[in-house]
Each structure stands twice: as structure tokens, then as C-alpha cells.
Amino acid sequence: MSERNYLRKHKERLPVIAICYDFDKTLTPNEMQAQGYIQSLGYEANEFWNKSNGIAEDNDMDENLSYMYMMVNEFKDHHKLDRKTLEAYGAEVKLFLGVDDWFRRIREYGLERGVLVEHYIISSGIKEMIEGTEIAKKGEFEKIYASSFYFDDKGIARWPAQVVNYTNKTQFLFRIQKGTLDINDPGINDYFPPDEIRVPFRNIVYIGDSDTDIPCMKLVNTYGGFSVGVYNPAQTKDKVYKMIKDNRIKYFAPADYRENKELDLLIKNIIERTVFNEKLESRHYNCFKEAMES
Ligand SMILES: [Mg+2]
């Protein structure tokens, strides 16, 4: 295999907290494709999902691959499916209250306390649409992991480049943990001693809304991180109640990202706890090292 220069992050002086977000119904009240794109194909959202889930079922196909197939196949009859078009639909996506300046505020809050806060998207939605949102354009995310397209030499989407479903979402947590962020970086399998891991799971926060987040939530919970379920304040809490009873999440809060709201206060508490926890962890590693060298 040829050697490539992968984007790698290494442990620095300040501890890092990685906040990982699902996108649909976590940062936005509805699926990103259902806010203009699906309608442009002449479908109602339910009709589109029923058809694409039907294709998946009839063909033992991944549900994300089947909706991407429909996106490519049906869109070409209407318009040119290129990056610009997808980004334009992404720019129309509505965000929950407070999302627009949340990332900067939380990052600043962390920095004032001596912690680097990084924001990551892990979504089964379309990367090119997420890249069209204002928050992505402002460079709020360290990395966006999502389903994406391969574009041909004319710039037309032809084939899935990446498909992110609920179980393979978890691989990105390991990439973030080790700083091997590039999707093809085989360094994800390298061994790191515990004190050289850039973002230990105890410093990972996963925020999501539903079943598709369960493997990530469970993994983060199991390894001492923080899983947070969010719900649309205009709807019921049934999903988050079930997730907390099933031990998937540790906390839930309304998807309201404004300052001094529940979610804001919760994340700030997590940051504060991390500041002290990391001091204790590094003291532990120092004690351990001294004993090993004695
Ligand atoms: Mg979701």
C-alpha cells in the first residue's frame, strides 16, 4: 500500500473534549433531505422513505444505500445532481434554536478553563448537504463523518463514496479517540498506551436523538464518556425515556442550544468535571510511570 500523508492529530498539552453530534433531529428538527430535496423530486417525505425502505427490504440492501440510490437515480430525471446543488439544499436546512453560535460558545468556554473542545459530526445523512450549512461553512467542525457521493469528471454524483449507518458510525469514535481522522488511515489499528491517547473515551460526549445513535451511545457510555439524548421540545420525551431506561444515555435535554438552557448547562458541567478529572488522570499516570521505572 502506498504511504500517504494522513491528517493526524497528536496529543497536546491541553486535554481535549470531543463532542460528537448526530445531525438529523439532533441539530435540525427534521431529516435534511426532507427539507426541500425530496419535495423537488415530486415526493412527500413519507412516500420517499417508504419507497427507499421498500427497495432496501426487497433487496437486502442497506437503507442508506437505497436512499442514496434513489437520490442519484431519480434526481437525474429532474436536475443535475452535483456538489453545488446538494450544498444549496443543505443551506436551506433549519437548525434548532441556538445551534448557530453554540459551537463557538462552547469552544470558548472550554478554552477559558484549559480544555480544547472539538466538535464532530457523525451522521447517516449526506456530507455534501451538511457542508452547505452555515455552521459547516464557518468551519465549526473538526471533521464531518457522513454518507457522501463519488462525483464523476463532470462533477455529477454517480455512486456512494461513503455510507454511514448506525453500527459503522462507531468506527469514527475510534478515529477521534486516536486522532487518526482520515477515513482511510490504517493508523486506527495502531496501539497507543493509555496516556498517549488524544481523546480518551471519558472525554467523548455523544449527542443524538434516536435508535440510529444507540451503538455510539452505548459505546461511549460503556467506556466512561457521556451520552446525551436530545428531543424536540415541541414533541414527547418517549424516545429519551426509553433510551435512559435501556442504559443507552446518561442524560437527556431538549434540543435547545441557547445559552443557559439545560443542554448548555449540562455540557458546561461536563467540561468542568473534565478539567479536574484530567488532573487526577495525569497524576495517576505519573505515579504509575514512577513505579514502572523504579
Ligand atoms: Mg438523528
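Each residue takes its place number in the sequence, starting with 1. Ligands are counted one by one from 1 in listed order, and the atoms in each one are counted from 1 as well.
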Any luck finding a side-chain donor-acceptor pair between Q35 and T28 under 3.5 Å? yes

Are more than 12 heavy atoms from other residues, nucleotides or ligands located less than 6.0 Å from atom CD of E12? yes

Mind checking whether F226 and Y251 have parallel, tilted or perpendicular rings, split at 30° and 60°? parallel

Go around the Mg ion (ligand 1) and count every protein N, O or S atom nearer than 2.8 Å. 3

Please find out if less than 6.0 Å separates the ring center of Y21 from that of F103. yes

Can you tell me if K80 has over 12 outside heavy atoms packed within less than 6.0 Å of its NZ? no

Determine whether the aromatic ring centres of Y37 and Y43 lie less than 6.0 Å apart. no

